[in-house]
Amino acid sequence: MVTELSAKPAFSLSSTAQSGAADYPGLDNWRDLPISQQPSWQDRDVFDASVKELSVLPPLVFAGEVDVLRERLAAAAQGKAFLLQGGDCAETFEAATADKISARVKTILQMAVVLTYGAAMPVIKMGRMAGQFAKPRSSNDETRDGVTLPAYRGDIVNGYEFTPESRGHDASRMLRAYHTSASTLNLIRAFTQGGFADLRSVHQWNKGFTENPAHARYESLARDIDRAIKFMASCGADFEALKRVEFFASHEALLLDYERALTRIDSRTGFPYDTSAHFLWIGERTRELDHAHVDFLSRVRNPIGVKLGPSTTGDDALRLIDKLDPEREPGRLTFITRMGAGNIREKLPAVVEKVTASGAQVLWVTDPMHGNTVTSPNGYKTRNFDDVIDEVRGFFEVHHALGTVPGGLHVEMTGDDVAECLGGADPVDQDAFLDRYESVCDPRLNHMQSLEMAFLVAGALAKH
C-alpha cells in the first residue's frame, strides 16, 4: 500500500519565483531549467517562512576565506599542495555533538600530518562537514512490508525513521541545518585555532595507531615523522604558528533552495558567494550541462568541484570547464574522479589527456569510495578497503604515467570505531556490521582505516 503524507499538494521551488536576499543578474536562471534530486516540500507557508529567514541570516563562511581556499587549490593544481577532503557520507543533526565532531576533525588532522610528510608539501584540510545534510537517491520512494514512503534524502529534507511523519519533506529542516552547521563551524574553528591542532599533539595521537601490531609496517614512517618534529623543535621552530591550522568546510550543493537562500553579495567585490560553505561540488547525478545545478554554481565565486564517473568523456569534461570556469581561473575548478577500482586505469587517462591538451589547469582529486560500493553477503551496503586503496593507486599511476598532478583525496570517513567497510590491516568483517554499522547512507572508513589510507597514500606521494 502507499501511505499518503499530506492532503496539501507538494511543490518544488523550481516552479516558483521565490528569491533570496542576494540580487544579481542570472542567479535565478536555474529556476527555468530541468532539475533533479529536489524535494517536494509539503507546506508552502513553511517553505516561504524558512527561505525568508535563511535569506537574512548571517553567512556561515566569509568571502575572504573562500578566496584564500581558491589560492590554496590553485597551488594544489600546480603540484605545490595536496587536498585532503573527508567526512561523513551524510551528516545528521543527532550526530552533531562535540565528541563526534572533534573525532572527525582529529582524524583528518592525523591523516594530514602523515600526508604532509609523505608529500613534502602543504596539505589543504577540508571537511565534508557543516552542511553535508542532503543526499541524492536512486529512487524517490522506499517500500517496506508493503508500505511505500518517500526515500530518506538527508536530515535537511526529512527524517530517517520510516513513518509518514518523519519522511515528509519539511522545509523548516533547512533552518535546523543552518543552525547545526553554524554550531559545527564554531567548534571546528575553536579546535583548529585554539591548540587542539598542535602538530606535536597530533603526531602523538598517531603513535597509538602504529603501536597496534596490525599496523607495524607503518612504524618506520611514523618514526621518520617523529624525528622531523624533534629536529624542528631542537632548531627553535616557531611552534606557536604550528598550533593552528586552516580548515575549510564543503558539501554537495544538492538542495538549491538552501544554496540560493544563503548566497550573498560580497561588499568588497560585488560578486555573489554561496556562503553555506567554502567549497561546493556537483554530484555525478546532477552534472548535466544544461540543468539547474551546473547553471547555478557557474554563477557563484566559490571554488567548485564536479564528480566524474566512469561514463565521463574528455568532451564532457571540456564542456564542464567551459561552463564552470570560462576564464580558466586557477583554483576555480576541481574534478573529483569516482571511476571504481576496475575502471580507473582504463577510463581516466583519456579524460585527463583531453583536458591537459586543451591547456586548462584543473585540480584532479580521487574519490575512491563511490565507485566501489557493494552489498555484503549479510545484506549491508559496504565497500572493500582493498578496492578503495586500489582505486587510489590507480589514480596515482595514471597521473604519473601522463606527467600530470594527482592533487588530492576525497573520502567518506569518520573518527569513530564503526564497522561499515570490510578489510584493513586490522580487519573489519561482516559480522561486525551487526553491532557497529551506524551510517544512514553510505559506508565510511573508520578511524583506523582512515589512518591506514593516509600512511599508504603518503608512501605513494613520497615515491613521486
Side-chain angles (χ1 to χ4, degrees), residues 68 72 75-76 78-86 99 101-127 187-248 389 392 396 405-409 411 413-417 424-426 445-464:
V68 168
R72 303 290 185 262
Q78 297 164 4
K80 299 175 182 176
F82 189 81
L83 173 64
L84 172 61
Q85 187 176 11
D99 287 346
I101 293 168
S102 66
R104 254 176 287 155
V105 172
K106 178 178 175 180
T107 302
I108 291 171
L109 293 176
Q110 287 179 263
M111 295 174 72
V113 167
V114 177
L115 292 171
T116 300
Y117 186 82
M121 66 177 70
V123 169
I124 305 160
K125 291 160 276 291
M126 186 187 295
L187 198 57
I188 290 172
R189 286 180 171 122
F191 286 147
T192 55
Q193 301 300 314
F196 180 84
D198 188 305
L199 180 63
R200 293 163 295 187
S201 298
V202 175
H203 176 61
Q204 288 299 318
W205 298 335
N206 276 343
K207 286 188 174 180
F209 170 82
T210 55
E211 286 169 359
N212 182 330
H215 305 133
R217 61 178 165 150
Y218 307 118
E219 191 175 355
S220 175
L221 179 55
R223 280 199 305 269
D224 290 344
I225 297 172
D226 190 47
R227 282 194 292 269
I229 292 174
K230 287 178 178 176
F231 174 77
M232 285 191 290
S234 66
C235 290
D238 180 10
F239 270 101
E240 195 60 38
L242 298 176
K243 289 180 181 177
R244 297 180 295 275
V245 299
E246 292 178 336
F247 197 100
F248 300 98
I389 294 301
V392 175
F396 276 93
V405 177
L409 181 65
V411 292
M413 45 70 65
T414 177
D416 301 324
D417 184 29
D426 191 3
L445 299 177
N446 63 27
H447 176 70
M448 288 298 188
Q449 290 169 327
S450 299
L451 293 182
E452 183 174 1
M453 170 179 277
F455 275 93
L456 289 168
V457 174
L461 287 168
K463 289 177 184 176
H464 180 55

Novice: Quick one: pull up CD in Glu246 and OG1 in Thr192 and give me the separation to the nearest 0.5 Å.
Specialist: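 Nearest 0.5 Å value for the CD-OG1 distance: 9.5 Å.
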
Novice: Go through the structure and list residues passing side chain to side chain contact (heavy atoms under 4.5 Å, CB included) with Ser234, not counting sequence neighbours.
Specialist: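 Here the qualifying residues are Phe231.
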
Novice: Using 0.5 Å steps for rounding, measure from the CD1 atom of Ile108 to the CE atom of Met413.
Specialist: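 So the CD1 of Ile108 and the CE of Met413 are separated by 5.0 Å.
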
Novice: If you compare all heavy atoms of Val245 against all heavy atoms of Ala197, which two are closest, and at what distance to 0.1 Å?
Specialist: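 That closest heavy-atom pairing would be CG2-CB, 3.8 Å.
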
Novice: The test is side chain to side chain contact (heavy atoms under 4.5 Å, CB included); show your working for Phe247 and Gln193 and say whether it passes.
Specialist: CA-CA 9 Å; Phe247 197 100; Gln193 301 300 314; over 6 Å; no

Novice: Testing the basics here: between Gln78 and Val405, what is the closest heavy-atom pair and its distance to 0.1 Å?
Specialist: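 Closest pair (atom of Gln78, atom of Val405, distance): C-CG2, 4.2 Å.
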
Novice: Using side-chain heavy atoms (C-beta onward) and a distance below 4.5 Å, is Arg227 in contact with Arg223?
Specialist: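 Result yes, sub-4.5 Å side-chain heavy-atom pair found.
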
Novice: For Val114 and Leu221: C-alpha separation, side-chain torsions, deciding distance, then whether side chain to side chain contact (heavy atoms under 4.5 Å, CB included) applies.
Specialist: CA-CA 8 Å; Val114 177; Leu221 179 55; 4.2 Å; yes

Novice: Of all heavy-atom pairs between Leu409 and Met453, which one has the smallest distance, and what is that distance?
Specialist: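 Heavy-atom minimum between the residues: CD2-SD, 3.7 Å.
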
Novice: Considering residues at least two apart in sequence or located in another chain, which fulfil the side chain to side chain contact (heavy atoms under 4.5 Å, CB included) criterion with His203?
Specialist: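 Per chain and number, His203 pairs via side chain to side chain contact (heavy atoms under 4.5 Å, CB included) with Lys207, Ile225, Asp226, Ile229.
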
Novice: Once you round to the nearest 0.5 Å, how far does CZ of Phe209 lie from CD of Gln110?
Specialist: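 Phe209 CZ to Gln110 CD: 9.5 Å, rounded to 0.5 Å.
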
Novice: Report yes or no: does Gln85 contribute a side-chain atom to a donor-acceptor pair with the main-chain N or O of Gly127 at less than 3.5 Å?
Specialist: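 No: the side chain of Gln85 does not pair with the backbone of Gly127.
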
Novice: Below 4.5 Å, heavy atoms only, C-beta onward: do Met121 and Thr116 meet side chain to side chain?
Specialist: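 Contact flag for Met121/Thr116 side chains = no.
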
Novice: What are the two closest non-hydrogen atoms of Ala214 and Ala425, and how far apart are they?
Specialist: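 Result for this residue pair: O-CB, 3.3 Å.
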
Novice: How about Val457 and Leu115: do any of their side-chain heavy atoms sit closer than 4.5 Å?
Specialist: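 When only atoms from C-beta onward are counted, Leu115 and Val457 do touch, with a gap below 4.5 Å.
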
Novice: Between CZ of Phe191 and CG of Leu109, what distance do you get to the nearest 0.5 Å?
Specialist: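 The CZ atom of Phe191 sits 10.0 Å away from the CG atom of Leu109.
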
Novice: Can you pull the side-chain hydrogen bond (donor to acceptor under 3.5 Å, both in side chains) pairs that have at least one residue in residues 446-458, sequence neighbours excluded?
Specialist: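 For residues 446-458: Thr107-His447, Arg217-Glu452, Tyr218-Glu452.
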
Novice: Look up atom OG1 in Thr210 and atom NE2 in His215, then write down how far apart they are to the nearest 0.5 Å.
Specialist: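 Reported value, rounded in 0.5 Å steps: 9.5 Å.
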
Novice: Taking all heavy atoms of Tyr117 and all of Ala228, pick out the closest pair and write down the distance.
Specialist: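 Between these two residues, the closest heavy atoms are CE1-CB, 4.0 Å.
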
Novice: Do Glu211 and Glu219 have side chains that get closer than 4.5 Å, going by heavy atoms?
Specialist: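 Heavy-atom side-chain distance check fails, nothing below 4.5 Å.
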
Novice: If you look at every heavy atom in Ala222 and Phe455, which pair is closest and at what distance?
Specialist: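 Here Ala222 and Phe455 meet closest at N-CE2, 4.2 Å.
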
Novice: Could you tell me the separation between the CG atom of Leu456 and the CG atom of Leu461, rounded to the nearest 0.5 Å?
Specialist: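 The CG atom of Leu461 is 11.0 Å from CG of Leu456, to the nearest 0.5 Å.
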
